[in-house]
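No hydrogens, no waters, no symmetry mates; every other heavy atom, side chains included, goes into these values.
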Amino acid sequence: MKQQAAITTNTTIPFFGINKRVKQLQEKLMMGIPTHTRLVGVVGMKGSGKTNLVEMFFEEGKCYFLRHLFFKDKIGKDMESDKKRDLLVQQFQKSLLKISKTEEKMNSKLLLVLDDFSDKEDIICLFGDRGWITPGSKIVIVASDKSLVEGLVDDTYVVPGLNEKEGLACLSHHAFGDATRCDSEEGNLRTLSRRF
């Protein structure tokens, strides 16, 4: 049985199972219903692939939107909260204006990803009264703590761990440099791993 090659993101390390996870996120956002506005939180422990997942989702989905923005919280975590929040809002508004140059774009739906947020007040501050969110927009908020998005989103997607097949492909990739080797004739890694 030949395994499908792993998808790679902007890093050189493959992310196993990403196609399935992107599809699940698209379903949570109701991407098939273009007039439905959805806000979804993507949560999971550090290193679970949240950012790689939303980067892949964003790259696949942005062609369906006139306005699209991947906004990452790059402001120092040690800065005083009020100053940080003011700077964050300024950067966010500047980025939104940059992608909304014409009136047509200003009134069009938006694909927005907010990545690496660690303070709920920062997120609340960016959204304000939500009057600027046009119908049909899809918004993803990435956080490592579920409590940061509770009450702010329509649904939450918890990034799952790798299943057995994905885990063995990942192990095989890192151990042997070949994700397909776990099912090869030379030694079935799946069978061997079950014996332990």
Side-chain angles (χ1 to χ4, degrees), residues 7-11 15 17-44 48-75 82-159:
I7 301 291
T8 56
T9 57
N10 63 0
T11 64
F15 183 11
I18 193 166
N19 290 331
K20 176 176 71 174
R21 288 163 179 77
V22 167
K23 186 176 182 200
Q24 291 168 340
L25 180 56
Q26 289 170 339
E27 289 169 1
K28 290 267 187 189
L29 282 160
M30 298 181 180
M31 292 296 283
I33 307 172
T35 57
H36 199 78
T37 305
R38 292 284 289 176
L39 281 80
V40 172
V42 173
V43 298
S48 63
K50 297 179 301 289
T51 297
N52 286 336
L53 169 65
V54 295
E55 283 175 349
M56 179 84 162
F57 162 77
F58 184 79
E59 287 305 313
E60 285 186 12
K62 70 182 184 182
C63 63
Y64 300 105
F65 296 83
L66 285 177
R67 295 186 306 155
H68 44 84
L69 175 62
F70 194 103
F71 189 76
K72 190 170 184 83
D73 183 1
K74 295 180 185 173
I75 298 173
D82 289 339
K83 288 180 182 177
K84 177 188 181 227
R85 211 161 280 133
D86 288 343
L87 187 57
L88 193 64
V89 169
Q90 286 174 5
Q91 287 180 351
F92 182 65
Q93 289 173 339
K94 185 178 178 180
S95 297
L96 273 178
L97 286 172
K98 191 175 180 180
I99 63 165
S100 306
K101 292 180 179 171
T102 66
E103 190 172 332
E104 177 191 10
K105 281 189 173 183
M106 185 70 85
N107 295 320
S108 66
K109 61 187 178 177
L110 166 72
L111 175 62
L112 172 65
V113 173
L114 300 178
D115 188 30
D116 199 24
F117 281 78
S118 56
D119 187 338
K120 189 170 189 168
E121 289 302 314
D122 290 347
I123 299 167
I124 292 170
C125 201
L126 290 181
F127 281 125
D129 66 359
R130 296 189 189 195
W132 58 272
I133 301 173
T134 51
S137 293
K138 310 293 184 186
I139 299 171
V140 176
I141 303 170
V142 181
S144 54
D145 185 355
K146 195 174 185 176
S147 68
L148 294 174
V149 296
E150 284 179 344
L152 300 176
V153 295
D154 302 312
D155 205 347
T156 303
Y157 178 72
V158 180
V159 178

By ring-ring contact (aromatic ring centres under 6.0 Å, His included) - contacts of Phe58 (at least two apart): His68, Phe70
Which residues share a ring-ring contact (aromatic ring centres under 6.0 Å, His included) with Phe71, sequence neighbours left out: Phe92
Full working for side-chain contact (heavy atoms from CB on, under 4.5 Å) between Val89 and Gln93: CA-CA 6 Å; Val89 169; Gln93 289 173 339; 3.7 Å; yes
Rounded to the nearest 0.5 Å, what separates atom [atom1] in [X] from atom [atom2] in [Y]?
| X | Y | atom1 | atom2 | answer |
| --- | --- | --- | --- | --- |
| Asp122 | Asp116 | CG | CG | 11.0 Å |
| Ile123 | Arg85 | CD1 | CZ | 10.5 Å |
| Phe127 | Leu39 | CZ | CG | 5.0 Å |
| Leu110 | Ile133 | CG | CD1 | 8.0 Å |
| Ile99 | Lys62 | CD1 | NZ | 11.5 Å |
| Leu114 | Leu69 | CG | CG | 7.5 Å |

Asp145: partners by side chain to side chain donor-acceptor pair (under 3.5 Å), with sequence neighbours left out: Ser147
Residues that Lys146 engages under side chain to side chain donor-acceptor pair (under 3.5 Å), provided they are two or more places apart: none
Return the minimal non-hydrogen interatomic distance between [X] and [Y], and the atom names on each side.
| X | Y | result |
| --- | --- | --- |
| Lys50 | Gly44 | NZ-O, 3.0 Å |
| Ala143 | Leu148 | CB-CD1, 3.7 Å |
| Thr37 | Pro135 | OG1-CA, 3.2 Å |
| Tyr64 | Lys109 | O-CE, 3.5 Å |
| Lys98 | Lys101 | O-CE, 3.2 Å |
| Val159 | Ser48 | CG1-O, 3.5 Å |

Do [X] and [Y] come within less than 4.5 Å of each other through their side chains, counting heavy atoms only?
| X | Y | result |
| --- | --- | --- |
| Leu25 | Val54 | yes |
| Met106 | Thr134 | no |
| Gln26 | Val22 | yes |

Check: Thr156 side chain, Gly41 main-chain N or O, donor-acceptor pair, under 3.5 Å: no
Exam field: side chain Arg38 to backbone Asp154, donor-acceptor pair closer than 3.5 Å: no
From CA spacing to verdict: side-chain contact (heavy atoms from CB on, under 4.5 Å), Val142, Leu53: CA-CA 10 Å; Val142 181; Leu53 169 65; over 6 Å; no
Test log, rule side-chain contact (heavy atoms from CB on, under 4.5 Å), inputs Leu152 and Lys120: CA-CA 9 Å; Leu152 300 176; Lys120 189 170 189 168; 4.0 Å; yes
Worked check of side-chain contact (heavy atoms from CB on, under 4.5 Å) between Phe117 and Val149: CA-CA 10 Å; Phe117 281 78; Val149 296; over 6 Å; no
Under the salt bridge (Lys or Arg N to Asp or Glu O under 4.0 Å) test, residues paired with Glu121 that sit two or more places apart: none
Partners meeting side chain to side chain contact (heavy atoms under 4.5 Å, CB included) with Lys28 (sequence neighbours left out): Val40, Asp155, Tyr157
Test: Lys84 and Asp119 ion pair at under 4.0 Å: no
